[in-house]
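Below is one structure; the comments refer to it alone.
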Amino acid sequence: MSALARWDAFLAQIQGRHAQVRAEAEAEGRAFIATVAGGGDYLPLSHRLGAVKHRLQDLERKIMDTWHAQVDDAILEEGNPVAVRDAACAKGIALGHALEDARDELEIGLMADLARARYAAAQAALTPIVCAGCGATYQPPHSFRLIEMACACGATVRYDPDELMRSAGAIGTHPIAQQAAVTEWRAMVAADRARRAARSPAPLHLIQADEAAQIAYWYRYLAARAWFEPELGRDPAMEVQKRMEQWYQYTADHEPAWVEAGRPRAV
């Protein structure tokens, strides 16, 4: 079997094993979620996902470790041109990126499912709020934190979510928003990888593509997260600007093409 054929077989093996570990973790996670949807300690799920993450990262690392140790030179020694060697390497890198994305989405998906299960259980247990002043009843508002409302009689009506509702909000704030922005997230990660692959100094168009993808992600992510934290929806442009500042300071401002162009910030 040629080095190229062995490489393809190895990549297929890694891909299959990665998918198997994810599938087992997802099935185990969903079974666990069913036992804590109505309350209880969910940290064992986080601990389990941490262990799974390490296993998946080990598989991902094996791709390029094997390439450098066994494949790179072997392909050229068999008389293949450099272009063929480079294409085989690119195939391994692309698979590594795809597996990394799948690993990230596994944890996000399970934590989002846990949050939804707890939110559904908390919603089912809601009871009307009664005004202590006049006895009027109100349906509980959508909130994961204490809210005070004015009753028609002038009294203050308080809605204080129970522990289960607060838990749903605490667990779901990030993963629910991240799932909503998954398309923008993938585009952002791809743009970041393209800029990094060009190596510094990166061309201006790749830096700006990275910037645009990040801005699109933050707008979508924060719009979804505002369902949990309404204050994030009051001034979206300001919120995006705050989150982009770190990228401008620690990434863009270290790229010569960006600095020479006058630091052309889009926000």
Side-chain angles (χ1 to χ4, degrees), residues 11 15 18 53 56-57 60-61 63-65 67-68 72 82-109 111-112 172-267:
L11 293 181
Q15 185 175 21
H18 201 280
K53 177 180 179 178
L56 294 176
Q57 286 176 322
E60 294 158 22
R61 280 191 291 268
I63 294 175
M64 295 315 296
D65 287 349
W67 169 264
H68 292 300
D72 190 349
V82 171
V84 171
R85 187 275 311 271
D86 290 348
C89 181
K91 184 184 297 185
I93 292 172
L95 177 60
H97 288 162
L99 297 183
E100 180 183 343
D101 293 345
R103 166 170 50 82
D104 289 341
E105 291 177 21
L106 169 67
E107 181 173 1
I108 289 295
M111 296 307 292
T173 301
H174 171 65
I176 296 291
Q178 182 70 1
Q179 276 195 331
V182 67
T183 299
E184 290 80 5
W185 168 262
R186 288 172 177 164
M188 181 182 74
V189 171
D192 178 69
R193 287 169 177 161
R195 177 186 57 77
R196 291 174 183 272
R199 301 183 184 276
S200 188
L204 182 61
H205 74 277
L206 288 182
I207 303 170
Q208 290 181 310
D210 191 359
E211 177 195 27
Q214 294 218 25
I215 292 170
Y217 165 73
W218 282 119
Y219 269 111
R220 184 70 184 92
Y221 174 87
L222 292 170
R225 186 157 177 159
W227 193 76
F228 293 90
E229 300 172 318
E231 61 272 17
L232 294 178
R234 294 171 187 165
D235 189 345
M238 180 194 72
E239 297 294 343
V240 171
Q241 183 178 6
K242 285 163 54 178
R243 286 157 179 79
M244 287 297 297
E245 187 60 37
Q246 184 175 16
W247 183 84
Y248 287 130
Q249 183 177 353
Y250 294 106
T251 299
D253 285 350
H254 291 275
E255 291 287 358
W258 175 267
V259 175
E260 292 169 6
R263 296 180 171 88
R265 295 189 178 197
V267 297

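A 4.5 Å side-chain heavy-atom check between I93 and C89 finds at least one atom pair inside the cut-off. Between E105 and Q178 the shortest side-chain heavy-atom distance does not fall below 4.5 Å. Side-chain contact check for T251 versus R195: some heavy-atom pair is nearer than 4.5 Å. A heavy-atom distance below 4.5 Å is not found between the side chains of H97 and V189.
Comment: R234 does not engage E239 in a salt bridge, judged by the lack of any side-chain N to carboxylate O separation of less than 4.0 angstrom. Ion pairing of K53 with E107 is absent here, as no side-chain N (NZ or NE/NH1/NH2) approaches a carboxylate O to less than 4.0 Å. The pair D104-R186 does not meet the salt-bridge criterion, since no charged nitrogen lies less than 4.0 angstrom from a carboxylate oxygen.
A distance of 4.0 Å separates CG of L95 from CD1 of I63, quoted to the nearest 0.5 Å. Between the CG atom of L11 and the NZ atom of K91 there is a distance of 7.0 Å, given to the nearest 0.5 Å. Note that CD of E255 is 10.0 Å distant from CG of L204, once rounded to the nearest 0.5 Å. For the atom pair OH of Y217 and CD of E184, the computed distance is 9.5 Å after rounding to the nearest 0.5 Å. Atoms CD and CZ, on E100 and R61 in that order, are 11.0 Å from each other to the nearest 0.5 Å. To the nearest 0.5 Å, the span separating CH2 on W247 from CE on M188 amounts to 11.5 Å.
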- Report the C-alpha separation of D210 and Q214 in whole Å, then their side-chain angles, then the decisive distance to 0.1 Å, and conclude whether the side chain to side chain contact (heavy atoms under 4.5 Å, CB included) test is met. CA-CA 6 Å; D210 191 359; Q214 294 218 25; 3.4 Å; yes

- Yes or no on side chain to side chain contact (heavy atoms under 4.5 Å, CB included) for W227 and I176, after CA distance, side-chain angles and deciding distance? CA-CA 10 Å; W227 193 76; I176 296 291; 5.6 Å; no

- Would you check, one step at a time, whether the test side chain to side chain contact (heavy atoms under 4.5 Å, CB included) holds for H174 with Y221? CA-CA 9 Å; H174 171 65; Y221 174 87; 2.8 Å; yes

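In the displayed structure, Q249 atom CD is contacted under 6.0 Å by more than 12 heavy atoms of other residues, nucleotides or ligands.
Closest approach of T173 to R225, counting heavy atoms only: CG2-NE, 3.0 Å. Nearest heavy-atom pair across M111 and P175 is CB-CG, 4.0 Å. Here the closest heavy-atom approach between residue A257 and residue A202 is recorded as CB-O, 3.5 Å. The two atoms that bring G233 and A226 nearest to each other are N-CB, 3.8 Å, heavy atoms only. What you find for A224 and A177 is that their closest heavy atoms are CB-CA, 3.8 Å.
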Less than 3.5 Å apart, which donor and acceptor atoms pair up between the side chains of residues 258-267 and the rest of the protein, not counting sequence neighbours?
unit_1 : atom_1 : unit_2 : atom_2 : d
W258   : NE1    : D253   : OD1    : 3.4
R263   : NE     : D253   : OD1    : 3.2
R265   : NH1    : E245   : OE1    : 2.9
R265   : NH2    : E245   : OE2    : 3.3

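No donor-acceptor pair closer than 3.5 Å links the side chain of E60 to the backbone N or O of G96.
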